[in-house]
Amino acid sequence: MGDGTADRRGDGTTGDGTTVGGGVRATGRRGVLRAGAAALVLGAVAGCTSGSKPPATGPGTPAPGTATGTPPGAGTPTATPTPTAVATPLPQPPLWQPGPSEIQPDVKRRAVELVAALGAWPPGGQGVEAARARVAALGLPPALADQAGPLAPPAVEASLEVIVAQYGGIPADSASVLVVCRQWTRGADGSVAEGGTTVDVRLSRAAPRWTVTDLHPGVAGPAAAAPPPAVARVLAEPRIELPPEAAADLRSGTVHDSVPEAMLRLAGPYTLSVSVVRTGHPLDVFGTTRPSDHPPGRAFDVWRIDGMAVVDPATPRQLIESFMRDAAAAGSYNVGGPVAIAGAGNRFFTDDTHHDHCHIGFDH
């Protein structure tokens, strides 16, 4: 997401994410389910014993264990209990954490905490007032809950996975973190839906921790009637990993052909994990007035190559350099990443923002 030192428009900016994911931990949820199940069992036992008196016997009164019209000794028919439906628990991925090589780990941690608080809640925790309380518990302005948008659909329960958090920009005293999410929600009828969004979280330096000033959840456009052939191939290609919002961008038909065509070329020698295509990215290169190539659909970011995070120092630098060079060969005029590469026409760039991903931009 940034264009770095390139003079032309471009942009580009996810943790090696010790991806511990991004949502509410499973322990509390399972505990609630176990407690609820135990309560149902105890209630059933109580209903069969403590509240009942043995029937009186006497002339004209059937003996215990004898139903009217049933010969003595035939026994009493036993009613079959109606099974109680138990809702399948939503996935509960652990909360994503920044790795040790991050430039500003607390910036990402702060952004992820907020998105998880807004996008996941237990049964009955829906609604803006409950969301404000969760945000306030983080020491952040409760009014941020009013900006949740697609993170807070009308659902009785939700869980969230943060796939990755990457820099949208990281100047000295401000930052943009793009939090890439997958979300599961349960409706009032018990149905479960899966989706996701990418949230541009804006922060400013503060003590003792960075604070969030604003957030911009992305909303991809509706799917086109029929995706172009290159898009259909990308969506079916197992070597290209797409988060929900990036896949929606491709389906919408608002992405230039150069993007899926380059993805397919790179998917020959590599497995690539895409973080952002267009939706959820800042309109301008963060901290400047230069338009980014992402919103017009002329760029994409890759946070992991062959299963290895770009931000992880254990990922071979040679692999990243080779990937960046192949991205340029696939038609990108503006390739950013954590490796400095000399190239004609200043095609390559590196900076702190691109410490955690590779940006691949196009001018058409």
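Every residue meeting the side-chain contact (heavy atoms from CB on, under 4.5 Å) condition with Ala220, not counting sequence neighbours, appears here in chain and number order: Glu245, Ala248, Asp249, Thr279. For Glu261, there are no salt bridge (charged side-chain N to carboxylate O under 4.0 Å, His left out) partners, not counting sequence neighbours. Under the rule for a side chain to side chain donor-acceptor pair (under 3.5 Å), the partners of Ser191 that lie at least two apart in sequence or sit in another chain are Asp189. Scored by the side-chain contact (heavy atoms from CB on, under 4.5 Å) test, Glu321 finds Gln318, Arg325, Val339, Ile341 as partners (sequence neighbours excluded). With sequence neighbours left out, the side-chain contact (heavy atoms from CB on, under 4.5 Å) criterion links Gln126 to Trp121, Val156. For the salt bridge (charged side-chain N to carboxylate O under 4.0 Å, His left out) test, residues two or more places apart in sequence or in another chain that qualify with Asp173 are Arg205. Residues satisfying the salt bridge (charged side-chain N to carboxylate O under 4.0 Å, His left out) criterion with Arg109, sequence neighbours excluded, are Asp106. Residues satisfying the side chain to side chain donor-acceptor pair (under 3.5 Å) test with Arg110, not counting sequence neighbours, are none. With sequence neighbours excluded, the residues that form a side-chain contact (heavy atoms from CB on, under 4.5 Å) with Ser252 are Thr254.
Among pairs with a residue in residues 230-240, none fulfils side chain to side chain donor-acceptor pair (under 3.5 Å), at least two apart in sequence or across chains. Annotation: ring pair (Phe, Tyr, Trp, His ring centres under 6.0 Å) contacts involving residues 237-257, sequence neighbours excluded, are absent.
Here the rule is side-chain contact (heavy atoms from CB on, under 4.5 Å) with Val107, and of Val177, Val201, Val112 only Val177 fits it. Exactly one of Val310, Leu272, Thr271, Thr315 qualifies for a side-chain contact (heavy atoms from CB on, under 4.5 Å) with Ile305. That residue is Val310.
Residue Asp312 holds its CG atom at 6.0 Å from OG of Ser101, rounded to the nearest 0.5 Å. The structure places CD of Glu161 at 13.0 Å from CG of Leu90, a figure rounded to the nearest 0.5 Å. Taking NE2 of His359 as the start and OG1 of Thr353 as the end, the distance is 11.5 Å to the nearest 0.5 Å. Atom NE2 of residue His216 and atom OG of residue Ser176 lie 8.5 Å apart, to the nearest 0.5 angstrom. Interatomic distance, OG1 of Thr198 versus CZ of Arg182, reported as 10.5 Å (0.5 Å rounding). With rounding to the nearest 0.5 angstrom, the OG atom of Ser159 is 7.5 Å from the CD atom of Gln183.
Using a distance-only test at 3.5 Å, with no hydrogens or angles considered, a donor-acceptor pair links the side chain of Ser332 to the main chain of Gly361. No donor-acceptor pair under 3.5 Å is formed between the side chain of Ser322 and the backbone N or O of Leu319. A distance-only check finds a donor-acceptor pair linking the side chain of Arg186 to the backbone of Thr88 [under 3.5 Å]. Arg265 places a side-chain N or O within donor-acceptor distance of the main-chain N or O of Ala329, the cut-off being under 3.5 Å. Judged by distance alone, with hydrogens and angles left aside, the side-chain atoms of Thr350 form a donor-acceptor pair with the main-chain N or O of Gly337 at under 3.5 Å. Checking side-chain atoms of Arg278 against main-chain N and O of His294 turns up no donor-acceptor pair under 3.5 Å.
Nearest heavy atom pair, residue Ser292 against residue His281, reads OG-CE1, 3.3 Å. The shortest heavy-atom contact between Gly125 and Arg134 is O-NH1, 2.9 Å. The two atoms that bring Tyr270 and Phe323 nearest to each other are OH-N, 3.4 Å, heavy atoms only. Considering all non-hydrogen atoms of both residues, Val255 and Pro260 come closest at CG1-CD, 4.2 Å. Scanning all heavy atoms of the two residues, the minimum distance from Phe348 to Met324 falls at CE2-O, 3.5 Å. Residues Trp210 and Ser204 approach most closely at CE3-C, 3.4 Å, considering heavy atoms.
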Under the side chain to side chain contact (heavy atoms under 4.5 Å, CB included) criterion, do Val135 and Leu114 qualify, and how do the steps go?
CA-CA 7 Å; Val135 173; Leu114 173 63; 3.8 Å; yes
I'd like to know whether Val259 forms a side chain to side chain contact (heavy atoms under 4.5 Å, CB included) with Phe362, so could you lay out the CA-CA distance, the side-chain angles of the two residues, the decisive distance to 0.1 Å, and finally the verdict.
CA-CA 8 Å; Val259 168; Phe362 302 88; 4.1 Å; yes
Tell me, with the steps shown, if Phe286 and Thr288 meet side chain to side chain contact (heavy atoms under 4.5 Å, CB included).
CA-CA 6 Å; Phe286 189 75; Thr288 78; over 6 Å; no
Using the salt bridge (charged side-chain N to carboxylate O under 4.0 Å, His left out) rule, take Asp356 and Lys108 through it: C-alpha gap first, then chi angles, then the decisive distance, then the call.
CA-CA 11 Å; Asp356 63 3; Lys108 288 189 177 182; 2.6 Å; yes
Begin with the C-alpha distance, continue with both residues' side-chain angles, and end with the deciding distance and a verdict on side chain to side chain contact (heavy atoms under 4.5 Å, CB included) for Val180 and Thr197.
CA-CA 6 Å; Val180 183; Thr197 187; over 6 Å; no
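One hydrophobic cluster, built from ILVMFWY side chains closer than 4.5 Å, cannot hold both Val285 and Leu283; they sit in different ones.
A heavy-atom distance below 4.5 Å is found between the side chains of Leu178 and Pro282. For the pair Leu235/Leu242, a side-chain contact is recorded, criterion being any heavy-atom separation below 4.5 Å from C-beta on. Side-chain contact between Leu264 and Val234: present, with at least one pair of heavy atoms (C-beta onward) separated by less than 4.5 Å. In this structure the side chain of Val302 never reaches within 4.5 angstrom of the side chain of Leu266, judged on heavy atoms. Contact check for Pro93 versus Trp184: side-chain heavy atoms found under the 4.5 Å cut-off. Between Trp96 and Pro94 there is no side-chain heavy-atom pair separated by less than 4.5 Å. Side-chain contact check for Trp303 versus Cys358: every heavy-atom pair is 4.5 Å or farther apart.
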Please list, one pair per line, the donor and acceptor atoms closer than 3.5 Å that link side chains of residues 137-153 to other protein atoms, with sequence neighbours excluded.
{"unit_1": "Asp146", "atom_1": "OD1", "unit_2": "Arg132", "atom_2": "NE", "d": "3.1"}
{"unit_1": "Asp146", "atom_1": "OD1", "unit_2": "Arg132", "atom_2": "NH2", "d": "2.8"}
{"unit_1": "Asp146", "atom_1": "OD2", "unit_2": "Arg132", "atom_2": "NH2", "d": "3.3"}
{"unit_1": "Gln147", "atom_1": "OE1", "unit_2": "Leu215", "atom_2": "N", "d": "3.0"}
{"unit_1": "Gln147", "atom_1": "NE2", "unit_2": "Asp214", "atom_2": "OD1", "d": "3.4"}

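Under 3.5 Å, the side chains of Ser275 and Gln166 contain a donor-acceptor pair of N or O atoms.
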